[in-house]
Amino acid sequence: QVVPVESGGGSVQAGGSLRLSCAASANTYSSNCMAWFRQAPGKEREVVAAVYTGDGSTYYGDSAKGRFDISQDNAHNTVYLQMNSLKPDDTAMYYCAARNSWSCGVSAWKYDANYNYWGRGTQVTVSS
């Protein structure tokens, strides 16, 4: 499939952890910039983290630094988002996106308009 497929969302208590997975086709995954975005009700979509699968370079949005980790599994064309120390503010729909490019770019990775392919999302709910 061309569209990435997310999984791993759920409900956890504050302080807990979740690992999200994003499975993509080889064409969508290989040497592309893949990212996680999230959108909470009434808020704009924001970037969480990105990885350039060609060389493993990673990028993090402010909300993710120090708590989340993005990683890749080239054998399975899958990108993961390990989320630790979750807070109620992390409650959102999390989307995986892919961008055809030679890199994630200095800042282009932050903007959802730059991504070509989007998954349907997986819900993360963090209770206090």
For [X] and [Y], which I'm curious about, is there any donor-acceptor pair between the side chains at under 3.5 Å?
| X | Y | value |
| --- | --- | --- |
| Y29 | N74 | yes |
| N27 | S25 | no |
| S17 | N84 | yes |
| Y60 | D69 | yes |

Q82 backbone acceptor or donor facing R19 side chain under 3.5 Å: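 Between the backbone of Q82 and the side chain of R19 there is no qualifying donor-acceptor contact (under 3.5 Å).
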At their closest point, which heavy atom of [X] faces which heavy atom of [Y], and how far apart are they?
| X | Y | result |
| --- | --- | --- |
| G121 | M93 | C-SD, 3.7 Å |
| Q39 | R45 | NE2-N, 3.8 Å |
| C104 | A50 | SG-CB, 4.3 Å |
| C96 | E6 | N-OE2, 2.8 Å |
| A40 | A92 | N-CB, 3.8 Å |
| V79 | M34 | CG2-SD, 3.8 Å |

Is there a side-chain contact between [X] and [Y] in this structure, where contact means two heavy atoms from C-beta onward sitting under 4.5 Å apart?
| X | Y | answer |
| --- | --- | --- |
| T122 | Y95 | no |
| N32 | R99 | no |
| S63 | R38 | yes |
| D73 | Y80 | yes |
| D90 | F68 | yes |

Pair T91-V124, side chain to side chain contact (heavy atoms under 4.5 Å, CB included): steps then yes or no: CA-CA 5 Å; T91 295; V124 172; 5.9 Å; no
Nearest-0.5 Å distance, [atom1] of residue [X] to [atom2] of residue [Y]:
| X | Y | atom1 | atom2 | value |
| --- | --- | --- | --- | --- |
| S30 | N77 | OG | CG | 5.5 Å |
| Y52 | S57 | OH | OG | 9.0 Å |
| M83 | L18 | CE | CG | 5.0 Å |

Intermediate values then yes/no, side chain to side chain contact (heavy atoms under 4.5 Å, CB included), Y115 and W109: CA-CA 8 Å; Y115 289 83; W109 61 276; 3.5 Å; yes
Test log, rule side chain to side chain contact (heavy atoms under 4.5 Å, CB included), inputs K110 and E46: CA-CA 8 Å; K110 300 178 183 180; E46 64 171 348; over 6 Å; no
Aromatic ring proximity W36/Y94, centre distance under 6.0 Å: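 That pair fails the under 6.0 Å test.
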Sub-6.0 Å ring centroid separation between W118 and F37: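 Under 6.0 Å, so yes.
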Chi angles and distances behind the side chain to side chain contact (heavy atoms under 4.5 Å, CB included) call for T28, Y117: CA-CA 8 Å; T28 303; Y117 308 104; 4.0 Å; yes
same_hphob_cluster(V47, I70) at 4.5 Å side-chain heavy-atom cutoff: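 No, separate clusters.
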